[in-house]
Chemist: 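I have a structure I would like to understand better, so I am pasting it below and will then ask my questions one at a time.
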2 protein chains.
Amino acid sequence: MPDPDLAFAAHDHAHCAQDALARAEAVTAAAGARMTPVRRRVLEILLEEHKALGAYDVLARLAVEGFGNQPPVAYRALEFLVDQGLAHRIQRLNAFTACVHPGKDHAPAFLICRTCHMVAEAEASAARVSLDAEAAKAGFLVERSTIEALGLCPNCRGQA
Amino acid sequence: MPDPDLAFAAHDHAHCAQDALARAEAVTAAAGARMTPVRRRVLEILLEEHKALGAYDVLARLAVEGFGNQPPVAYRALEFLVDQGLAHRIQRLNAFTACVHPGKDHAPAFLICRTCHMVAEAEASAARVSLDAEAAKAGFLVERSTIEALGLCPNCRGQA
DNA sequence: CTTGACCTGTTATGATATTACATACATAGA
DNA sequence: TCTATGTATGTAATATCATAACAGGTCAAG
Ligand SMILES: [Zn+2]
Ligand SMILES: [Zn+2]
Ligand SMILES: [Zn+2]
Ligand SMILES: [Zn+2]
């Protein structure tokens with residue numbers, strides 16, 4: 001994960017999203033999974049901004065575009081994307097964000113700006129090592145872990 | 001936080017809960033806050049087991065005991081306890097757990113057993129340091145962070 | 001004994017998520 | 001090609017989690 005700050009830095013986001021989408025297609029193909037229209041569209045919607053969207057926000061977008069407008073339509077597509085590693089669920093927000101570099105095996109930490117609501121992925125392996133070690137002291141085996149930080153992004157810090 | 005494994009180890013839980021409750025009284029007194037009957041009862045309920053309870057589970061318990069039976073009754077008491085550091089919210093579970101050593105300033109990690117649903121607190125400062133450092137690389141200022149691990153507790157590992 | 005802060009209760013509503021079932025589509029044998 | 005099978009989508013209904021808004025009660029300071 002070479003760009004922990006990608007989301008916060010000025011960048012060619014159209015290219016950023018296009019690239020993520022292309023990688024996503026590759027990932028699903030390699031996994032023998034189907035990137036259907038709803039799923040692709042949901043991923044595109046999530047990729048529009050480096051923010052997290054609630055399932056119902058996604059659903060509203062889908063509905064006006066002629067897809068189903070009942071919750072399972074959105075939840076199922078989102079679940080698929082999360083399972084394939086193409087999107088992440090942000091627990092604190094009950095919301096979902098596109099993965100900015102699908103294909104790489106990763107379990108990032110999330111940096112959530114409380115002001116502009118941008119969400120970035122950050123390297124979490126060091127933190128996970130500490131956590132796993134601490135858990136091991138208690139005899140606990142960590143299978144998955146959630147690491148999310150709430151605070152101020154560089155842009156919003158400047159304005160405060 | 002000397003006992004990361006307290007919840008999983010065999011222990012005199014009646015004493016454990018009584019002690020936490022006594023500390024809680026001290027904490028609120030010191031803070032000039034009021035430990036009212038509803039609040040105390042909610043804390044007692046959370047202290048019955050080292051598990052997390054949803055707000056509506058707590059509410060149901062309160063209702064049969066003659067307290068109000070509308071959601072705000074439970075949510076307000078829980079919010080109070082969390083604000084005072086006497087309980088913690090577990091994001092992954094949308095649920096609350098009593099703090100096992102109130103009074104000590106701490107922001108623990110949580111170890112959640114996916115089988116028996118026990119929840120333990122673990123030392124998280126090392127993980128937090130890593131996270132804060134990684135965030136700093138992106139210019140992000142961490143204000144609060146959530147660290148939760150899902151896995152198998154020592155007891156449930158043994159049975160698997 | 002009044003005032004103001006805070007606590008509790010209630011109604012109503014909003015937000016998030018899942019179950020169950022029906023229909024449509026893709027693909028792999030027969 | 002035809003049909004069987006698994007998978008995906010659509011819909012209705014419901015479950016679960018959370019908050020806004022307001023009314024009335026409690027308590028201690030002044
Ligand atoms: Zn971008
Ligand atoms: Zn920001
Ligand atoms: Zn105990
Ligand atoms: Zn267990």
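Side-chain atoms are counted along with the backbone in the values below, which use heavy atoms only and exclude waters and symmetry mates. Proteins come first, then strands; the chains are lettered A, B, ... in the order of their sequence lines, and each starts at number 1.
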Chemist: Round to a whole Å and report the spacing from OH of B:Tyr75 to P of D:dA20.
Modeler: 12 Å
Chemist: Can you check whether B:Tyr56 stacks with the D:dT16 base, using ring centres under 5.5 Å and planes within 30°?
Modeler: no
Chemist: Would you mind telling me which residue lines up with the more 5' stretch of DNA chain D, B:Arg34 or B:Asp57, judged by nearest nucleotide?
Modeler: B:Asp57
Chemist: Rounding to an integer number of Å, can you tell me how far A:Asn69 CG sits from D:dA13 P?
Modeler: 13 Å
Chemist: Sort out for me which residue in A:Val58, A:Leu86, A:Asp57 forms a side chain to side chain contact (heavy atoms under 4.5 Å, CB included) with A:Leu46.
Modeler: A:Val58
Chemist: Provide, to the nearest angstrom, the distance between the CD atom belonging to B:Gln70 and the C1' atom belonging to D:dA23.
Modeler: 14 Å
Chemist: For a 4.5 angstrom cut-off between non-hydrogen side-chain atoms, does A:Pro102 reach A:Arg23?
Modeler: yes
Chemist: Take the protein atom CG of B:Leu78 and the nucleotide atom P of D:dC17, then report the distance between them rounded to whole Å.
Modeler: 13 Å
Chemist: I need the minimum non-hydrogen distance between A:Gly68 and A:Leu59, along with the two atoms involved.
Modeler: O-CD1, 3.6 Å
Chemist: Centroid-to-centroid, A:His106 to A:His88, below 6.0 Å?
Modeler: yes
Chemist: Using whole Å, what does the distance between atom P of nucleotide D:dG10 and atom CD of A:Glu65 come to?
Modeler: 12 Å
Chemist: In whole angstrom, what separates A:Arg41's CZ from D:dT9's C1'?
Modeler: 17 Å
Chemist: Along DNA chain C, 5' to 3', what are the outermost nucleotides having an atom less than 4.0 Å from a heavy atom of chain B?
Modeler: C:dC6 to C:dT11
Chemist: Quick check, are the ring centers of A:His117 and A:His50 under 6.0 angstrom apart?
Modeler: no
Chemist: Determine, stepwise, if the pair B:Lys137 / A:Glu123 fulfils salt bridge (charged side-chain N to carboxylate O under 4.0 Å, His left out).
Modeler: CA-CA 10 Å; B:Lys137 289 188 196 168; A:Glu123 176 62 41; over 6 Å; no
Chemist: Taking the nucleotide of DNA chain C with the nearest heavy atom to each, does B:Arg76 or B:Asn94 sit closer to the 5' end?
Modeler: B:Arg76
Chemist: Just by distance, no angles: are the side chains of B:Thr28 and B:Arg34 close enough, under 3.5 Å, to form a donor-acceptor pair?
Modeler: no
Chemist: How long is the line joining CZ of B:Arg39 and C1' of D:dT26, in whole Å?
Modeler: 12 Å
Chemist: Which whole-number value in Å describes the distance from A:Leu62 CG to D:dG10 P?
Modeler: 9 Å
